[in-house]
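Computed from a predicted structure; not experimentally measured. We use all heavy atoms of the structure for the numbers below, so side chains are in, but hydrogens, waters and symmetry mates are not.
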Amino acid sequence: MKHTYKSKLLLLILPVIVILSGCVDTSGPVIPSSINYSSQMKIVNLVIGSGSTNFVLNGTTFGSANFGEETPAGDFATVNSGSKTLVANFSGGSSKTFQFAAPTEYKFRVFLVGTLTSNESYLVTQRYIWQTKNSAEGDPLFPANKGQLVIFNGSPDATIDAVILNSDTVSFNTPLSLGKSTSYLQFPAGSKNIKVIYNGNQELTFTYDLGSRNRYTLVVYDQAANLKYKVYLDD
């Protein structure tokens with residue numbers, strides 16, 4: 001009797017497995033058939049008072065960056081994915097150790113923010129490493145005649161209320177506080193008069209040319225009384 005019961009149960013289970021396997025959605029972008037357990041990263045030094053800072057990632061020298069700069073300065077560095085220990089050796093002799101995980105097959109930045117006595121890290125991902133601009137997988141991320149911008153707040157005492165590019169205004173219902181960022185915001189490509197509204201009614205203004213099919217990260221940093229900006233090219 002036990003043998004008969006198991007046979008009937010198996011017959012009931014098998015059709016269900018066949019039906020489920022037939023419901024996989026194969027539409028959408030092509031995804032690589034194998035996983036490359038690597039990531040692409042940069043480190044951005046926004047720690048107030050840090051000066052030139054040397055970085056050691058999992059025991060290996062990763063480069064250096066002045067306040068407001070990133071390393072490496074050119075292409076993103078390829079690293080193995082997984083758990084990371086980052087030691088930041090600030091000028092003057094102090095140092096800080098940060099822990100994070102490099103997400104598999106992602107391109108990202110690690111932002112170090114705060115002051116020499118109180119600092120932390122934030123990891124912001126951008127895209128899969130195989131979604132390059134001129135590939136079939138990445139092409140939808142780079143619409144023609146559009147420039148795209150991420151806003152990241154690296155200031156400990158400024159909150160960002162809105163950003164205005166020429167006549168295009170993006171307001172935030174919840175102002176961006178330290179370590180917060182937006183998704184990519186799309187604007188018509190071309191020269192822009194950019195205005196960042198922070199702490200209610202203060203303004204940071206500058207001009208920048210958004211290239212067609214390019215993606216950028218706009219960082220505001222330092223104390224609100226001396227707020228600075230930097231635009232980094234992502235793609």
**Prompt:** Same cluster for Val47 and Leu123 if Ile/Leu/Val/Met/Phe/Trp/Tyr side chains link at under 4.5 Å?
**Reply:** yes
**Neighbour count >12 (heavy atoms, 6.0 Å) for atom CG, Asp75** = no
**Request:** Please check if any side-chain donor atom of Asn193 sits under 3.5 Å from a side-chain acceptor atom of Thr207, or the reverse.
**Result:** no
**Message:** With side chain to side chain contact (heavy atoms under 4.5 Å, CB included) as the test, pick out the partner of Leu218 among Tyr232, Tyr229, Tyr208.
**Reply:** Tyr229
**Asked** Is it true that a side-chain atom of Arg213 and a backbone atom of Phe142 form a donor plus acceptor pair closer than 3.5 Å?
**Response** yes
**Prompt:** Does a side chain donor of either Ser135 or Thr132 reach within less than 3.5 Å of an acceptor in the other side chain?
**Reply:** yes
**Complete:** Separation between OG (Ser121) and CG (Leu112), nearest 0.5 Å, reads 6.5 Å
**Request:** Report whether Leu46 and Leu116 are members of the same hydrophobic cluster (ILVMFWY, side-chain heavy atoms less than 4.5 Å apart, transitive linking).
**Result:** no
**Fill in**
dist Asn80:CG -> Tyr37:OH (nearest 0.5 Å) comes out at 12.5 Å
**Complete:** In Asn89, Asn45, Asn119, Asn66, the residue satisfying side chain to side chain donor-acceptor pair (under 3.5 Å) with Ser50 is Asn45
**Prompt:** Got Met41 and Phe100 here, is their nearest side-chain heavy-atom distance under 4.5 Å?
**Reply:** yes
**Prompt:** Do Val220 and Phe206 belong together in a cluster built from hydrophobic side chains that touch within less than 4.5 Å?
**Reply:** yes
**Request:** Flag the pair Gln202 / Leu204 as yes when at least one side-chain heavy-atom distance between them is below 4.5 Å, and no otherwise.
**Result:** no
**Asked** Got Val79 and Leu57 here, is their nearest side-chain heavy-atom distance under 4.5 Å?
**Response** yes
**Asked** Quick one: does Phe108's side chain get under 4.5 Å of Lys42's, heavy atoms only?
**Response** no
**Message:** Would you say NZ of Lys230 has more than 12 non-hydrogen atoms from neighbouring residues, nucleotides or ligands within 6.0 angstrom?
**Reply:** yes
**Message:** Are Tyr184 and Leu149 linked, directly or through intermediate hydrophobic residues, by side-chain heavy-atom contacts shorter than 4.5 Å (ILVMFWY only)?
**Reply:** no
**Message:** Can you confirm whether more than 12 heavy atoms, excluding those of Lys195, are under 6.0 Å from its NZ atom?
**Reply:** no
**Asked** Quick one: CD on Gln148 to CD on Gln186, what's the gap to the nearest 0.5 Å?
**Response** 4.5 Å
**Least distance between heavy atoms, Gly211 atom then Ala189 atom** = C-CB, 4.1 Å
**Message:** I'd like to know whether the aromatic ring centres of Tyr221 and Phe67 sit less than 6.0 Å apart in this structure.
**Reply:** yes
**Pair Asp235 + Arg127: basic N to acidic O under 4.0 Å** = yes
**Request:** Starting from the C-alpha separation in whole Å, work towards a yes-or-no answer on salt bridge (charged side-chain N to carboxylate O under 4.0 Å, His left out) for Asp234 and Lys107.
**Result:** CA-CA 9 Å; Asp234 299 342; Lys107 188 176 183 179; over 6 Å; no
**Item:** Trace of the side chain to side chain contact (heavy atoms under 4.5 Å, CB included) decision for Thr61 with Asn54
**Value:** CA-CA 8 Å; Thr61 299; Asn54 296 314; over 6 Å; no
**Item:** Minimal non-hydrogen separation, Asp157 against Asn199, with atom names
**Value:** O-ND2, 3.2 Å
**Item:** From CD1 (Ile151) to CD1 (Ile160), nearest 0.5 Å
**Value:** 7.0 Å
**Message:** As an exercise, state the distance from CG of Leu86 to CD of Gln99, rounded to the nearest 0.5 Å.
**Reply:** 9.0 Å
**Message:** What I'd like to find out is whether the side chain of Asp161 reaches to under 4.5 Å of the side chain of Asn201, using heavy atoms alone.
**Reply:** no
**Prompt:** Taking C-beta and beyond as the side chain, do Leu165 and Leu210 meet within less than 4.5 Å on heavy atoms?
**Reply:** yes
**Message:** With no hydrogens and no angle check, just 3.5 Å: does a side-chain donor-acceptor pair link Glu120 and Tyr122?
**Reply:** yes
**Item:** Shortest non-hydrogen separation from Phe76 to Leu233 and the atoms involved
**Value:** CE1-O, 4.4 Å
**Prompt:** Heavy atoms, side chains only, cut-off 4.5 Å: are Ser155 and Leu178 in contact?
**Reply:** no
**Prompt:** Thr182 and Phe152: side chain to side chain contact (heavy atoms under 4.5 Å, CB included), yes or no, with the steps?
**Reply:** CA-CA 7 Å; Thr182 68; Phe152 177 87; over 6 Å; no
**Request:** Would you check if the side chain of Asn214 reaches a backbone N or O of Gly147 as a donor-acceptor pair within less than 3.5 Å?
**Result:** no
**Fill in**
Smallest heavy-atom separation, Phe98 atom then Ala88 atom, equals CE1-CB, 4.0 Å
**Request:** Of all the heavy-atom pairs spanning Thr78 and Ser38, show the shortest one and how long it is.
**Result:** CG2-CB, 4.0 Å
**Asked** Taking all non-hydrogen atoms of both residues, which atom of Gly154 and which atom of Val113 are closest, and how far apart?
**Response** CA-CG1, 4.1 Å
**Trp130 side chain near Glu105 side chain, heavy-atom distance below 4.5 Å** = yes
**Prompt:** According to a 4.5 Å side-chain heavy-atom criterion applied to Ile, Leu, Val, Met, Phe, Trp and Tyr, with indirect links allowed, do Val231 and Val163 form part of one hydrophobic cluster?
**Reply:** yes
**Message:** So, taking the atom named CD1 in Ile43 and the one named CD in Glu70, what distance separates them when rounded to the nearest 0.5 Å?
**Reply:** 10.5 Å
**Message:** Quick check: Tyr128 with Tyr106 (ring centres under 6.0 Å apart)?
**Reply:** yes
**Steps toward side chain to side chain contact (heavy atoms under 4.5 Å, CB included) verdict (Tyr216, Val150)** = CA-CA 6 Å; Tyr216 308 86; Val150 163; over 6 Å; no
**Stepwise salt bridge (charged side-chain N to carboxylate O under 4.0 Å, His left out) check, Lys133 with Asp139** = CA-CA 6 Å; Lys133 181 184 295 186; Asp139 190 66; over 6 Å; no
**Asked** Passes side chain to side chain contact (heavy atoms under 4.5 Å, CB included), Phe111 versus Val219? Steps please.
**Response** CA-CA 10 Å; Phe111 294 91; Val219 173; 3.7 Å; yes
